[in-house]
Amino acid sequence: MHEERMTNQEIASVFREMAAYLDMENVQFKPRAYEKVAYTLESLDESVSETARIGGISALIKIPGIGRGIAQHILDLVKDGHFTEHDHFKKAIPVKVLDLMKVSGLGPKMIKVLWKELQIRDLTDLETAAKAGRIRRLPRFGEKSEQKILKGLEFVKKAEGRRLLGFILPEVRGLEKVIAAYPEALQVEIAGSIRRRRETIGDIDILVSTSNPDGVIDRFLNLSLIDHVYGKGPTKINVRLKNGLDADLRIVPEESFGAALCYFTGSKQHNIRLREIAVKKGWKLNEYGLYEGDRLIAGRTESGIYMALGLSYVDPELREDLGEIDAARTRNLPALIGYGDLKGDLQIQTDWTDGANTIEEMADAAEATGLEYIAITDHTKSLPMTGGSDEKKLRNQITAVQTLNRKLKLKKRKITILTGAEVNIMKDGSLDIDDEVLAELDVVGAAVHHHFDLPRDEQTQRVVRAMENPNVDILFHPTSRAIHRRAPIELDVDAIIEAAGRTGTILEIDASPERLDLKDEYIRKCVEAGVRMCIDSDAHATTEFSFLEFGIAQARRGWATRKDIINTLPVKRFLASLKKG
DNA sequence: GCCGTTTTCGGCCCGACTGTTTTCAGTCG
C-alpha cells in the first residue's frame with residue numbers, strides 16, 4: 001500500500017493532465033471523459049482513496065463519470081501512486097502542461113507547438129522564450145500572441161486563486177448596482193458560481209440585457225476598477241479587475257435573458273445535461289433560447305426553459321449535476337429553506353470573551369436583522385487566550401442575561417436572549433465545564449478547538465463521546481475546517497451523523513465565511529438521514545449577523561428544507577425540541 | 001473513456017472571441 005493517501009485534488013490533477021496529454025495527441029472524446037472525472041473529484045468531499053481502498057472498483061464506478069477504466073487507474077494511483085498510461089505520457093511528453101495551461105490563452109495544442117518547436121517545458125522556459133522574441137516567429141503565433149503570453153505569465157505569478165464568497169459578495173453587489181444604474185441596462189444579474197453560492201468563487205460573471213449593447217460596453221470599459229481587458233466583442237467582454245479577480249460581462253437581448261442567465265449560471269455539467277435533454281427532444285438549447293429548428297420555444301425566463309424541457313424550476317444552488325435533473329423531472333426537488341426563514345442564532349460571542357460587543361449590543365443587532373432569539377455562547381476556560389469562562393463566570397453571565405431579558409421585556413422588545421456556552425471538547429471527549437453548570441444553560445454547543453490532528457478513529461470517538469453528553473445540544477462547526485487555512489479534522493462523518501440521530505444532538509452549519517462547516521455535501525447526508533441541523537453566524541461583532549446568509553446558502557446547496565433547520569422554529573418550540581426539552 | 005426506458009455500439013453541448021489567416025483552429029466558459 002502506498003504510504004501517503006492521495007487527496008481527491010491530487011488525483012483530479014493527474015486526470016486533468018491525462019486530458020491535456022490526450023488533447024495534445026488529438027485523441028477524440030477521451031479528454032472530456034477525464035476532465036469530467038477531474039471536475040467531479042474536485043467537488044467531492046469523501047476521500048476517493050478511501051472509497052477505493054474500502055469498496056474497490058464496484059464502489060468507484062458508482063461515482064458518476066467513473067467507469068471501469070478510470071476506476072482501475074484510481075486503484076493503481078491509491079496502491080502505487082501512479083498508473084501505466086499516465087507514466088507513458090509523462091515520459092513521451094516531458095512538459096509541465098498543467099502549469100503552462102495556467103497562462104490564459106494557452107491550451108494543449110499551443111503548448112505542443114511550443115514544446116516541439118522551442119523545447120519549452122515549463123513556465124520558466126516560456127518566459128525566457130517570450131522575452132527573447134522567439135515565440136512570435138512560430139507558425140500561427142505572432143507578436144500579439146507573445147505579448148498575451150507575457151501578460152498571462154504576469155497574472156499567473158500574482159494569481160490568488162479562488163476567493164471566499166462571503167468576503168467578495170458585498171463588493172460584487174456594489175458592482176451590480178453600478179451596472180444596474182446604467183440607463184441602457186434593462187436587466188442585470190450576477191451569474192456563475194456566485195449565483196450558485198459556491199463557498200469559493202473564481203471569477204465574476206455579469207449578465208446584462210439591453211437594446212443598446214455599445215452603450216453598456218462603453219460605460220463598463222470606463223470603470224476605474226478595470227486593470228486589463230483580455231478581450232471584447234459586441235456581446236462579451238473579459239477583464240481583470242484591480243482587486244485581482246477576473247470578470248466576464250455578457251450582453252444579450254431581452255428575449256434571451258432567461259436562456260443566457262441559465263447558460264451563464266452553470267454549472268457547466270448542469271448545462272450539458274439540459275442541452276442533452278433538448279437534443280433528445282430534437283431541439284437545441286443555447287444562450288439565446290430553446291429552439292425547434294428556427295422556432296423559439298423559450299428564452300425570456302429561466303423557468304420557461306425548465307418547463308419546456310419537462311423539468312421543475314431548479315434553484316441555482318442545486319445546479320451541480322448532483323441529481324437535481326432527475327429530481328426536477330420527477331417533481332421531487334425539495335422546497336429549500338428560504339433566505340428569510342431563520343428565527344434564531346445559536347452561536348454568538350460577546351465581550352465577555354473574544355467578541356467585540358456587549359450582550360445588549362449583540363441583541364440589538366440581532367433584532368435589527370429580524371431575529372427573534374439568540375443564544376450567547378462565549379468560549380470556555382480551556383481557551384485562555386479568549387478569556388474563556390469558568391463555572392463562576394458562566395453563572396454570573398446567566399444572571400446578567402436574566403436581568404437584560406427583564407429589561408428588554410419592559411421595553412416591549414421582541415428579542416429573547418438565551419444563555420449558553422461554546423464548551424471545549426477535551427482530547428478524551430470530556431468537556432471543560434461541569435455538567436451541573438451546563439444543565440443550567442439554555443443552549444450548550446460543544447466544539448473542537450485543539451488536538452486537530454488526532455487519528456480518524458480517535459477523533460471520531462472523541463467527538464461522539466461529547467455528543468453523548470445529555471447536556472450537549474449542538475455540535476458546533478463539526479469538522480473545524482478553515483477554508484484555505486486549515487484542513488478539516490479527520491472525522492468519520494457518517495458515524496457523527498449516526499450519533500447525532502441516536503443522541504438527538506443538533507449538527508451546526510457555522511455560517512462564518514471561512515468555516516461553512518458543515519459543508520454542502522454533509523448537509524445533504526444529514527437531510528437524507530433525517531438529522532436536524534441549525535445555522536449560526538458565529539458572530540464576534542454586531543456586523544457579523546450578515547454571515548447567516550452564507551450559512552443558509554450552504555444549507556440550500558445541501559438540499560435542506562425549513563424542517564431540517566431547527567432555528568427556523570419559534571423560540572418555545574425550539575427549546576422544547578432540544579435534548580433536555 | 002463513459003453511457004443507455006429509443007442504444008452494450010455509436011454517439012458524445014454550444015457559441016463568442018482571438019490571432020492568424022484569407023476560412024478557421026484553438027481557447028474559454
Side-chain angles (χ1 to χ4, degrees), chain A residues 15 18-24 26-40 60-74 83 85-86 100-114 135-149 151-152 191-193 202-207 213 217 229-239 246-252 256 259-260 262-291 309 321 326 329-330:
Chain A
F15 289 152
M18 274 300 288
Y21 287 143
L22 289 161
D23 269 326
M24 289 169 88
N26 274 316
V27 178
Q28 298 295 301
F29 304 112
K30 285 190 191 185
R32 304 293 79 76
Y34 277 104
E35 256 173 20
K36 193 177 169 188
V37 169
Y39 181 86
T40 303
L60 288 172
I61 61 174
K62 290 204 180 97
I63 300 172
I66 297 182
R68 305 201 81 83
I70 288 182
Q72 187 57 54
H73 293 335
I74 294 175
F83 64 91
E85 287 82 348
H86 187 237
L100 291 168
M101 280 168 67
K102 286 182 194 157
V103 178
S104 172
L106 283 191
K109 301 286 167 62
M110 290 170 77
I111 290 169
K112 184 176 183 182
V113 174
L114 292 168
I135 289 175
R136 68 181 76 174
R137 296 202 290 269
L138 293 174
R140 296 199 66 80
F141 284 77
E143 197 157 340
K144 276 192 167 176
S145 321
E146 196 171 78
Q147 288 309 312
K148 206 173 146 185
I149 285 171
K151 193 81 190 169
S193 55
D203 62 4
I204 306 170
D205 300 306
I206 309 159
L207 182 67
I217 289 172
V229 179
Y230 294 116
K232 72 180 164 85
T235 69
K236 191 176 161 179
I237 304 174
N238 307 116
V239 300
D246 290 343
D248 298 339
L249 181 78
R250 187 69 191 260
I251 293 165
V252 294
S256 295
C262 194
Y263 155 77
F264 223 23
T265 297
S267 68
K268 196 175 172 184
Q269 290 305 320
H270 178 88
N271 287 346
I272 289 174
R273 293 292 307 277
L274 293 182
R275 286 172 180 178
E276 284 170 356
I277 293 171
V279 167
K280 282 198 181 115
K281 291 180 186 285
W283 302 339
K284 184 176 71 169
L285 176 63
N286 59 31
E287 58 262 56
Y288 298 107
L290 181 61
Y291 295 91
L309 292 173
D321 190 23
D326 285 341
R329 196 185 349 244
T330 56

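In what follows, every chain begins at residue 1, and chains take the letters A, B, ... in the order their sequences are listed.
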I want to confirm an ordering. Mapping A:Lys30 and A:Gly107 to their closest nucleotides on DNA chain B, which one lands closer to the 5' end?
A:Lys30
Do A:Phe264 and A:Val252 have side chains that approach each other closer than 4.5 Å (heavy atoms only, starting at C-beta)?
no
Say we look at B:dT5 and B:dG15: how far apart would their P atoms be, to the nearest angstrom?
26 Å
Hey, does A:Pro139 reach any base, or is it just sugar-phosphate, or nothing, if we go heavy atoms under 4.0 Å?
nothing
Heavy atoms under 4.0 Å, any strand shown: does A:Asn238 hit a base, just sugar-phosphate, or nothing?
nothing
Non-neighbouring partners of A:Arg250 that pass salt bridge (Lys or Arg N to Asp or Glu O under 4.0 Å), sequence neighbours left out:
A:Glu287
Check every strand shown and say whether A:Leu22 touches a base, only sugar-phosphate, or nothing at a heavy-atom separation below 4.0 Å.
nothing
Pairwise 5' ranking along DNA chain B for A:Ser104 and A:Tyr288, keeping only the more 5' one:
A:Tyr288
Take atom C1' in B:dT23 and the same atom in B:dT18, then report the distance between them in whole Å.
14 Å
How would you label the contact of A:Lys109 with the nucleic acid (heavy atoms, under 4.0 Å): base, sugar-phosphate, or nothing?
sugar-phosphate
Option among A:Asn26, A:Asp23, A:Leu100 that satisfies the side-chain contact (heavy atoms from CB on, under 4.5 Å) test with A:Pro108:
A:Asp23
Considering all heavy atoms, the nearest A:Ser193-A:Asp205 contact:
N-OD2, 4.3 Å
Kindly state which residues belonging to residues 31-38 of chain A come within less than 4.0 angstrom of DNA chain B, counting heavy atoms of the residue only, listed by number.
A:Ala33, A:Tyr34
Can you confirm whether A:Lys151 is buried at NZ, in the sense that more than 12 heavy atoms of other residues, nucleotides or ligands lie under 6.0 Å from that atom?
yes
When the P atoms of B:dT8 and B:dG19 are compared, how many Å lie between them, rounded to an integer?
47 Å
For the OG1 atom of A:Thr235 and the CD1 atom of A:Ile217, what is their distance to the nearest 0.5 Å?
7.5 Å
Sugar-phosphate only, base, or nothing, as touched by A:Glu143 at under 4.0 Å among non-hydrogen atoms
sugar-phosphate
Using the C1' atom as the reference point in each nucleotide, state the distance between B:dT7 and B:dC12 in Å, no decimals.
13 Å
Have a look at A:Arg273 and say if it touches a base, only the backbone sugar-phosphate, or nothing, with a 4.0 Å heavy-atom cut-off.
nothing
Closest heavy-atom contact between A:Gly289 and A:Ala259?
N-CB, 3.4 Å
Mind checking the C1' distance from B:dT20 to B:dA25? Whole angstroms is fine.
10 Å
Sugar-phosphate only, base, or nothing, as touched by A:Leu274 at under 4.0 Å among non-hydrogen atoms:
nothing
Does a sphere of radius 6.0 Å around CZ in A:Arg329 hold more than 12 heavy atoms from other residues, nucleotides or ligands, not counting ones at 6.0 Å or beyond?
yes
May I ask you to say what A:Lys144 touches in the nucleic acid, namely base, sugar-phosphate or nothing, with a heavy-atom cut-off under 4.0 Å?
sugar-phosphate
Could you check whether the rings of A:Tyr34 and A:His73 sit parallel, tilted or perpendicular, using 30° and 60° as the cut-offs?
parallel
Heavy-atom contact window of chain A on DNA chain B, given 5' to 3' at under 4.0 Å
B:dG1 to B:dG29
Rounded P spacing from B:dC9 to B:dT22 in Å:
44 Å
Could you work out the separation of B:dG11 and B:dT21 based on their P atoms and round it to a whole Å?
36 Å
Minimum-distance pair of heavy atoms, taken over all atoms of A:Asn271 and A:Cys262
OD1-O, 3.4 Å
Using the C1' atoms only, state how far B:dG10 lies from B:dC24, rounded to an integer number of Å.
28 Å
At under 4.0 Å between heavy atoms, what does A:Phe141 touch on the DNA or RNA strands: base, sugar-phosphate, or nothing?
sugar-phosphate
Using Watson-Crick or G-U wobble geometry with both distances under 3.5 Å, which nucleotide pairs with B:dT8?
none
